[in-house]
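Values below: all heavy atoms of this structure, side chains included; hydrogens, waters and symmetry mates excluded.
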Amino acid sequence: IDRFETKPARGSSYVPTPEKYSNPKSGLVNIKNDDNECCRWCMLYHQSDKEKHSERISSLKKVDDKFDYTGINYPVYYEDIERFENMNKLSIYAYGIEIDDDGKYSIIIEKEGNTDFILNDIIYLLRIESEEGDKSHYIYIKHIDRLMNIHTQRIDKNIKF
């Protein structure tokens, strides 16, 4: 089954970070936008100085945006992200969170970045869903290594020998 085809994901307005990943050391930046442009806000954060409070909308509005958003519809679907990658010659990886029947979390890749542009710039996003499942939201992954390390450590703690 091709998960890219079976689940057309899109990002919308703010959704709180799942508790499991809400630790500041997880490497995530969840921007509290009140519109459907969470992906654009993540792109602005990527271009910011990433200092304290850079994730605030008021700070992000001051960022000199160098990206082209021509033809991008909000909330964005993966097709929009692919178009954005090609226009701006960068690679965007989108991850998601799956919860199995036992309540265990897994981080899965939902959209691979364009490898043609991997040497130019790489952006990592995490798509989360609201508890009701009626909307999803993109979170900027500032430190993919931290996110994966926290995820792995938490899984390993549950392993019993």
Side-chain angles (χ1 to χ4, degrees), residues 3-4 6-63 65-67 69 72-85 88 90-100 103-114 117-118 120-155:
R3 63 182 152 215
F4 302 118
T6 60
K7 193 174 193 179
R10 62 188 175 127
S12 61
S13 61
Y14 178 77
V15 174
T17 307
E19 186 177 340
K20 179 178 178 80
Y21 301 104
S22 62
N23 182 325
K25 294 182 180 181
S26 67
L28 298 176
V29 178
N30 193 351
I31 300 163
K32 293 183 180 179
N33 61 300
D34 58 1
D35 54 21
N36 286 329
E37 298 184 14
C38 58
C39 190
R40 186 177 70 83
W41 292 112
C42 287
M43 297 305 119
L44 284 167
Y45 181 80
H46 181 74
Q47 299 173 82
S48 75
D49 59 11
K50 297 177 186 68
E51 297 295 324
K52 189 174 185 176
H53 304 303
S54 293
E55 79 284 353
R56 293 181 179 171
I57 298 291
S58 58
S59 295
L60 293 174
K61 286 180 179 180
K62 298 173 186 172
V63 171
D65 194 350
K66 295 175 176 60
F67 292 141
Y69 299 89
I72 303 301
N73 299 303
Y74 298 98
V76 297
Y77 287 91
Y78 290 142
E79 294 81 17
D80 294 307
I81 292 176
E82 289 172 10
R83 185 178 306 117
F84 183 81
E85 281 179 307
N88 294 286
L90 49 86
S91 183
I92 300 174
Y93 286 81
Y95 294 85
I97 298 174
E98 275 189 354
I99 305 171
D100 67 14
K104 291 184 181 176
Y105 288 73
S106 297
I107 295 178
I108 58 163
I109 189 159
E110 292 185 338
K111 186 218 158 292
E112 292 185 11
N114 186 330
F117 307 122
I118 204 161
N120 297 350
D121 200 359
I122 301 173
I123 298 171
Y124 299 102
L125 302 175
L126 178 66
R127 190 184 63 80
I128 60 172
E129 294 181 353
S130 63
E131 287 185 18
E132 301 80 27
D134 60 340
K135 64 181 179 176
S136 62
H137 173 70
Y138 287 107
I139 296 177
Y140 184 83
I141 303 174
K142 187 175 181 179
H143 300 286
I144 188 77
D145 54 334
R146 288 186 193 173
L147 176 63
M148 295 305 183
N149 187 37
I150 285 174
H151 181 73
T152 304
Q153 285 182 346
R154 293 200 179 172
I155 289 174

What distance separates [X] [atom1] from [Y] [atom2], expressed to the nearest 0.5 Å?
X      : Y      : atom1 : atom2 : result
Lys111 : Ile92  : NZ    : CD1   : 6.5 Å
Leu44  : Ser54  : CG    : OG    : 11.5 Å
Leu147 : Lys142 : CG    : NZ    : 14.0 Å
Met43  : Leu90  : CE    : CG    : 7.5 Å
Ile81  : Cys39  : CD1   : SG    : 4.5 Å
Glu98  : Ile107 : CD    : CD1   : 11.0 Å

Looking at Glu131, I'd like to know if its CD atom is crowded, meaning that more than 12 non-hydrogen atoms belonging to other residues, nucleotides or ligands lie closer than 6.0 Å. no

Using only heavy-atom distances, determine whether the side chains of Asn114 and Glu82 contain a donor-acceptor pair under 3.5 Å. no

Shortest non-hydrogen separation from [X] to [Y] and the atoms involved:
X      : Y      : value
Asp80  : Pro75  : OD2-O, 4.3 Å
Cys38  : Asn33  : N-ND2, 3.4 Å
Glu112 : Ile109 : CG-CD1, 3.6 Å

Report the C-alpha separation of Phe117 and Asn88 in whole Å, then their side-chain angles, then the decisive distance to 0.1 Å, and conclude whether the side chain to side chain contact (heavy atoms under 4.5 Å, CB included) test is met. CA-CA 9 Å; Phe117 307 122; Asn88 294 286; over 6 Å; no

Side chain to side chain contact (heavy atoms under 4.5 Å, CB included), that's the test. Do Lys32 and Ile57 meet it? Break it down for me. CA-CA 7 Å; Lys32 293 183 180 179; Ile57 298 291; 5.8 Å; no

Quick one: list whatever passes ring-ring contact (aromatic ring centres under 6.0 Å, His included) with Tyr95, sequence neighbours left out. none

What pairs with Phe67 under ring-ring contact (aromatic ring centres under 6.0 Å, His included), at least two apart in sequence or on another chain? Phe84

Assess the residue pair Arg83 and Ile72 against the criterion (side chain to side chain contact (heavy atoms under 4.5 Å, CB included)); give the C-alpha distance rounded to whole Å, side-chain angles, the decisive distance to 0.1 Å, and a yes or no. CA-CA 8 Å; Arg83 185 178 306 117; Ile72 303 301; 4.1 Å; yes

Tell me if a side-chain donor or acceptor on Gln47 pairs with a main-chain N or O of Lys66 at a distance below 3.5 Å.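 Side chain of Gln47 to backbone of Lys66: a pair is present.
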
On the 0 to 90° scale, with breaks at 30° and 60°, tag the His137-Tyr14 ring pair as parallel, tilted or perpendicular. perpendicular

Determine the sole option in Tyr140, Tyr138, Tyr45, Tyr93 for which the ring-ring contact (aromatic ring centres under 6.0 Å, His included) test with Tyr124 is passed.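 Among Tyr140, Tyr138, Tyr45, Tyr93, the one that satisfies the ring-ring contact (aromatic ring centres under 6.0 Å, His included) with Tyr124 is Tyr93.
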
Do the side chains of Lys20 and Ile97 get nearer than 4.5 Å, heavy atoms only? no

Partner set under side-chain contact (heavy atoms from CB on, under 4.5 Å) for Thr17, not counting sequence neighbours: Tyr21, Ser22, Leu28, Asn30, Ile139

